[in-house]
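Each remark here refers to the structure printed beneath this line.
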Amino acid sequence: MTNTYRLLLLIVFLVFFYLLTVFKRGKLELAKFALGTIGLFLTLFFAFNDVATPFLAKTVTFCSGIIGEMTGMYQAYPDNSLLFISHEGETISLYVDYECAGFVEMVIFVSLIVFF
């Protein structure tokens, strides 16, 4: 992250926090909930995306690999976030990436719970 990006992120966060206090003082609960949820989602998403997504993808692949080994249906390679499914001489590779890791869903859930 560059210093300009960090400064911009800090300014946006301060404006977000100020608006939350304005909505709280004005007793605008729906506006506070909506702005808070969206703002916290965006903050968590951009702050932790680069760290959490590769970790979650490898974790999902590893856990899926345990099930694959028990059933003998597929093989998992957690280092590369790959699942290899063999069926009747054909092999299909499944790449566990951003969408499969569940990071977006977790961040949405945490944001909704925090501002509920």
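All values below were derived from every heavy atom in this structure, side-chain atoms included, with hydrogens, water molecules and symmetry-related copies excluded.
Inter-residue side-chain proximity for Phe33 and Leu112 is flagged as met; some heavy-atom pair is nearer than 4.5 Å. No side-chain heavy atom of Ile67 sits under 4.5 Å from any side-chain heavy atom of Cys63. Contact of the Val104 side chain with the Phe41 side chain is registered, since non-hydrogen atoms from C-beta on lie closer than 4.5 Å. A heavy-atom distance below 4.5 Å is found between the side chains of Leu20 and Phe115.
Phe48 and Leu42 fall within a single hydrophobic cluster, where Ile, Leu, Val, Met, Phe, Trp and Tyr side chains are chained together by heavy-atom contacts under 4.5 Å. One hydrophobic cluster, built from ILVMFWY side chains closer than 4.5 Å, cannot hold both Val12 and Val114; they sit in different ones. By the rule that hydrophobic residues join a cluster once side-chain heavy atoms approach within less than 4.5 Å of another member, Tyr95 and Tyr77 end up as members of one cluster. Leu82 and Ile66 are assigned to two separate hydrophobic clusters, defined by single-linkage of ILVMFWY side chains at heavy-atom distances under 4.5 Å. Hydrophobic clustering (side-chain heavy atoms under 4.5 Å, transitive across Ile, Leu, Val, Met, Phe, Trp, Tyr) groups Leu35 together with Val110.
For CZ of Phe55, the number of neighbouring non-hydrogen atoms (other residues, nucleotides, ligands) closer than 6.0 Å is 12 at most. Atom CZ of Phe62 is surrounded by 12 or fewer heavy atoms from other residues, nucleotides or ligands within 6.0 Å.
Leu8 contributes atom CG, which lies 9.0 Å from atom OG1 of Thr4 (distance to the nearest 0.5 angstrom). Here CD of Gln75 is found 8.5 Å from CD of Glu69. Values are rounded to the nearest 0.5 Å. How far CG of Leu10 is from OH of Tyr5: 12.5 Å, rounded to the nearest 0.5 Å. Annotation: the span from Asn80 atom CG to Thr61 atom OG1 amounts to 9.5 Å, rounded to 0.5 Å. The NZ atom of Lys27 sits 11.5 Å away from atom NZ of Lys32, with the distance rounded to the nearest 0.5 Å. A distance of 11.5 Å separates CD1 of Ile38 from OG1 of Thr43, quoted to the nearest 0.5 Å.
The minimum heavy-atom distance between Phe84 and Thr91, with the atom names listed, is CD2-CG2, 3.9 Å. Taking each heavy atom of Ser81 and Lys58 in turn, the nearest pair found is OG-CG, 3.8 Å.
The closest donor-acceptor contact from the side chain of Tyr74 to the backbone of Ile92 lies at 3.5 Å or more, if one exists at all.
In this pair, Phe16 and Phe13 present their aromatic rings tilted. The plane angle is within the 30 to 60° band.
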